[in-house]
Amino acid sequence: MLRRHLLKLSAGVPAVFSALSSLGAFGRQDETTRRPIVVSTWDHGQAANEAAWKILVNNGRAVDSAEAGVRVTEADPSVSTVGFGGFPDRDGKVTLDACIQDETGNCGSVAFLQHVKHPVSVARKVMEETPHVMLVGEGALQFALEQGFKKENLLTEKARKAWDAWLEKAEYKPVINIENHDTIGLLALDAQGRMGGACTTSGAAFKMHGRVGDSPLIGAGLFVDGEVGAACATGMGELVIKTVGSHLVVELMYQGHSPRSACEQAVRRIAAKLPDYKDFQVGFLALNRKGQYGAFCIQPGFTYAVRSGELNRLSRSDSLL
Ligand code: ASP
């Protein structure tokens, strides 16, 4: 009797949440539905979206558009936080983290990978060619070479000079909104309603050798639930890992929050749990199955790019501080 009552109660929960959410109980909700659509983090998201959009507009699959989009950022030597041209760790080594996830929840990831320009494509191979989700370090490099990826020097002159300058004091201090570009996380919903996402980074500049952030961790830097929505994170990865940020955002959307409200709640969770949050930036970006999107961050300064049909814009996220 009691069990039946509880089951009845819990069956009513999603209905209550969706009623509350349509009343705006969980914050501003953009009710416009858009498909296909791609959203991605920071100013450099615009160029990534452009490449992703070409696939989406030709009826392509969301996960393919996500990979193609972030590859643009990985290859761009002017972006000092992703792929080729990324700032090195404190030992002068460029070490990369990336992951990818499709509409079925299938995913692949690499971490602490050196010498390969497109870690997201290695992550995709892990997803499709191995029984595993994640490969790291030497093992990831060995796998990449076996798969035909080229071994390259990823340390550009600009990055080497920045490292030289850093060595003078060798003081490790994360810089908030470094040069306004950071990890790229990209989320897509294709014309057929499939979702996909990718996240790729060189991580925190001058990090300890071997440090891995949130970006390659499914649930932390990226999470895609094809039935609900997708989320990605940027900023100080340690804070995101401690709160399993992207999974939390998607779970909040499942409970009825709008993408923007879900991102805000996840930032508030960080603020409630981690006393030093004011010293760091974390930004979340989310997209739901209807093509509604939103973002929220700790510090002002986080931007995200949106592309859908005629809509092609760079927006500034609301912030906690
Ligand atoms: N989240 C990334 C990391 O902690 C870096 C960033 O987005 O700034 O490795």
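Whatever order the structure lists ligands and atoms in, that order sets their numbers, starting from 1.
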What part of Ala204, side chain, backbone, both or neither, has a heavy atom within less than 4.0 angstrom of ligand 1? backbone
Just wondering, do Ser65 and Asp190 contact through their side chains at under 4.5 Å, heavy atoms? no
Any luck finding a side-chain donor-acceptor pair between Asp97 and Ser215 under 3.5 Å? no
Proximal atoms of ligand 1 relative to Gly235 (non-hydrogen, under 4.0 Å): 1 (N), 2 (C), 3 (C), 4 (O), 5 (C), 6 (C), 7 (O), 8 (O)
Kindly give the heavy-atom pair with the smallest separation between Ala48 and Ile184, and that separation in Å. CB-CD1, 3.6 Å
Taking the six-membered ring where the residue is Trp, are the ring centres of Phe149 and His115 under 6.0 Å apart? no
Here the atoms of ligand 1 under 4.0 Å from any heavy atom belonging to Ser215 are 1 (N), 2 (C)
Given that the side chain starts at C-beta and the backbone is N, CA, C, O, which of these parts of Asp182 lies under 4.0 Å from ligand 1, counting heavy atoms, or is it both or neither? side chain
Ligand 1 and Gly237, any nitrogen or oxygen pair closer than 3.5 angstrom? yes
So, is Thr183 polar-close to ligand 1, with some N/O to N/O distance under 3.5 Å? yes
Would you please determine whether Arg211 falls within less than 4.0 Å of ligand 1 on a heavy-atom basis? yes
Pull out every atom of ligand 1 sitting under 4.0 Å from any heavy atom of Gly203, numbered as shown with elements. 9 (O)
Lys/Arg-Asp/Glu bridge criterion (N-O < 4.0 Å) met for Lys207, Glu238: no
Suppose I only count heavy atoms of Thr234 and a 4.0 Å limit; which atoms of ligand 1 are within that range? 6 (C), 7 (O)
Check the surroundings of atom CD in Glu129: do more than 12 heavy atoms from other residues, nucleotides or ligands lie under 6.0 Å from it? yes
Closer than 4.0 Å to some heavy atom of Asp214 - which atoms of ligand 1 meet that? 1 (N), 2 (C), 3 (C), 4 (O)
Do Thr234 and Val282 have side chains that get closer than 4.5 Å, going by heavy atoms? no
